[in-house]
Amino acid sequence: MGQALWRLPPRQQQQLQEELVDRLADTGGARQEQGKEQNGFIDLEMLPPELGITILSYLNATDLCLAGCVWQDLGNDEYLWQGLCKSTWGHCSIYNRRLPAGFSYRRLYLQLDEGSLTFNANPQEGISYFMSKGILVDHPTEQAKFIFYTRRLNWKMLRIYLDERRDVLDELVTLHNFSNQFLPNALRDFFRHIHAPEERGEYLETLITKFSHRFCTCNPGLVRELGLSPDAVYVLCYSLILLSIDLTSPHVKNKMSKREFIRNTRRAAHNVSDDFVGHLYDNIYLIGHVAA
């Protein structure tokens, strides 16, 4: 059984469910007498293995351990735990190493879960925990990839950690690919991984500076066509953030018009056309805040 079996396409899952209904209709009476179906709950061992594993894949670590006590073959399936590890923590240094004899993805999942909880309380201790278990290598690139492909880390603690570890922040920025993305959408994508601080300050300026250079690196053709530069993108980013606040804040009664935004932005970014700035305004007006 391969790792892909426990994450089936919706159509194939539906086919398996229909097959299950037919099978239960034929053998329902006998199964009830044997205690396989009680109080409306179906024993997962009656299901095709792929469907049983798919159901268990939606459980958290605690519930899955409890399920393993009832359905030992399914609950302790290594492919199931391997899939859970890699779908929740997309990159770990240990994935790329030769695994020792007796290695258990179930144990790794519990360690990753414990390390994430530790990180969300104290970022430095969390990273130290991952390194002590051999899950992460002490290198900025490896830490950046771990952060980039993980969604279990508290964004406030992550912001604190990245503010202290600028080397990891630099590597994290380079993992973003903004090719052929419209500037506001690229900025939203950036802030989804690296959350903006709540107040303006040195850290926000650092983030926007790094984003501006990365955006220009990913879009050399756009830079030549529109005459953009990292400094111009920096100005546009600040304009987008201020416009986002202006248009979305209920405390701002007199919203900035499109004409006002174009005029104010063109004063700071002379080489950018009115049409391009107007499209920036439309994007914020229709889609919303770039750093929400």
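Residue numbers run from 1 in the order of the sequence given.
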Derivation and outcome, side chain to side chain contact (heavy atoms under 4.5 Å, CB included), residues Y285 and K258
CA-CA 9 Å; Y285 184 85; K258 186 175 182 177; over 6 Å; no
Side chain proximity check, [X] to [Y], heavy atoms < 4.5 angstrom:
{"X": "E114", "Y": "T118", "answer": "yes"}
{"X": "I208", "Y": "I241", "answer": "yes"}
{"X": "L84", "Y": "R106", "answer": "no"}
{"X": "I245", "Y": "H289", "answer": "yes"}
{"X": "V223", "Y": "S229", "answer": "no"}
{"X": "V173", "Y": "F190", "answer": "yes"}
{"X": "F261", "Y": "L280", "answer": "yes"}
{"X": "Y238", "Y": "L204", "answer": "yes"}

Could you go step by step and tell me if F103 and Y105 meet the ring pair (Phe, Tyr, Trp, His ring centres under 6.0 Å) rule?
CA-CA 7 Å; F103 176 84; Y105 274 102; 5.0 Å; yes
Do [X] and [Y] sit in the same hydrophobic cluster, where Ile, Leu, Val, Met, Phe, Trp and Tyr count as joined when their side-chain heavy atoms come under 4.5 Å apart?
{"X": "M157", "Y": "L172", "result": "yes"}
{"X": "L242", "Y": "L247", "result": "no"}
{"X": "L183", "Y": "V235", "result": "no"}
{"X": "M131", "Y": "Y149", "result": "yes"}
{"X": "F130", "Y": "L99", "result": "yes"}

If you take all heavy atoms of [X] and [Y], which pair is closest and at what distance?
{"X": "T174", "Y": "E171", "value": "OG1-O, 2.6 Å"}
{"X": "N177", "Y": "Q181", "value": "O-OE1, 3.3 Å"}
{"X": "S244", "Y": "V290", "value": "OG-N, 3.3 Å"}
{"X": "C216", "Y": "V233", "value": "SG-CG2, 3.7 Å"}
{"X": "V272", "Y": "V277", "value": "CG1-CG2, 3.6 Å"}
{"X": "C92", "Y": "W89", "value": "SG-CB, 4.1 Å"}

I'd like to know if the side chain of [X] reaches the main chain of [Y], judged simply by a donor and an acceptor atom lying under 3.5 Å from each other, with no hydrogens or angles considered.
{"X": "E260", "Y": "S257", "result": "yes"}
{"X": "S93", "Y": "V137", "result": "yes"}
{"X": "R266", "Y": "S273", "result": "no"}
{"X": "N283", "Y": "P184", "result": "no"}
{"X": "R97", "Y": "G134", "result": "yes"}
{"X": "Y203", "Y": "I160", "result": "no"}
{"X": "N219", "Y": "N180", "result": "yes"}
{"X": "T150", "Y": "I147", "result": "no"}

Other residues, nucleotides and ligands only: do more than 12 of their heavy atoms fall within 6.0 Å of CZ on R259?
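Result for CZ/R259: open.
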Which pairs pass side-chain hydrogen bond (donor to acceptor under 3.5 Å, both in side chains) with one or both residues in residues 207-216, sequence neighbours excluded?
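Listed by first then second residue: D170-K210.
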Could you list the residues that satisfy side chain to side chain donor-acceptor pair (under 3.5 Å) with E125, not counting sequence neighbours?
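Listed in chain order: nothing, the list is empty.
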Any salt bridge (charged side-chain N to carboxylate O under 4.0 Å, His left out) involving residues 142-153? Give me the pairs, sequence neighbours left out, ordered by first then second residue.
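Checked against salt bridge (charged side-chain N to carboxylate O under 4.0 Å, His left out) - neighbours excluded - the pairs reaching residues 142-153 are D113-R152.
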Rounded distance (nearest 0.5 Å) linking atom [atom1] of [X] with atom [atom2] of [Y]:
{"X": "L236", "Y": "L187", "atom1": "CG", "atom2": "CG", "result": "10.5 Å"}
{"X": "H176", "Y": "C218", "atom1": "NE2", "atom2": "SG", "result": "10.0 Å"}
{"X": "L158", "Y": "I194", "atom1": "CG", "atom2": "CD1", "result": "8.0 Å"}
{"X": "S116", "Y": "F146", "atom1": "OG", "atom2": "CZ", "result": "5.0 Å"}
{"X": "S239", "Y": "N264", "atom1": "OG", "atom2": "CG", "result": "8.0 Å"}
{"X": "H91", "Y": "Q143", "atom1": "NE2", "atom2": "CD", "result": "10.5 Å"}

Using the ring of each side chain (for Trp, its six-membered ring), is F182 parallel, tilted or perpendicular to F276, with breaks at 30° and 60°?
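Judged by the thresholds at 30° and 60°, the geometry between F182 and F276 is perpendicular.
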Pair Y129, F119 - check ring pair (Phe, Tyr, Trp, His ring centres under 6.0 Å), show working.
CA-CA 9 Å; Y129 175 88; F119 183 96; over 10 Å; no
Does a salt bridge link D246 with K255, judged by any charged N lying under 4.0 Å from a carboxylate O?
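K255 and D246: not salt-bridged.
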Check whether NZ of the Lys or CZ of the Arg K86 lies under 6.0 Å from the centre of the six-membered ring of Y95 and within 45 degrees of that ring's axis.
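The answer is yes, since K86 meets both limits relative to Y95.
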What do the steps show when you test F211 against F178 for side chain to side chain contact (heavy atoms under 4.5 Å, CB included), and what is the final call?
CA-CA 10 Å; F211 168 83; F178 302 123; 3.7 Å; yes
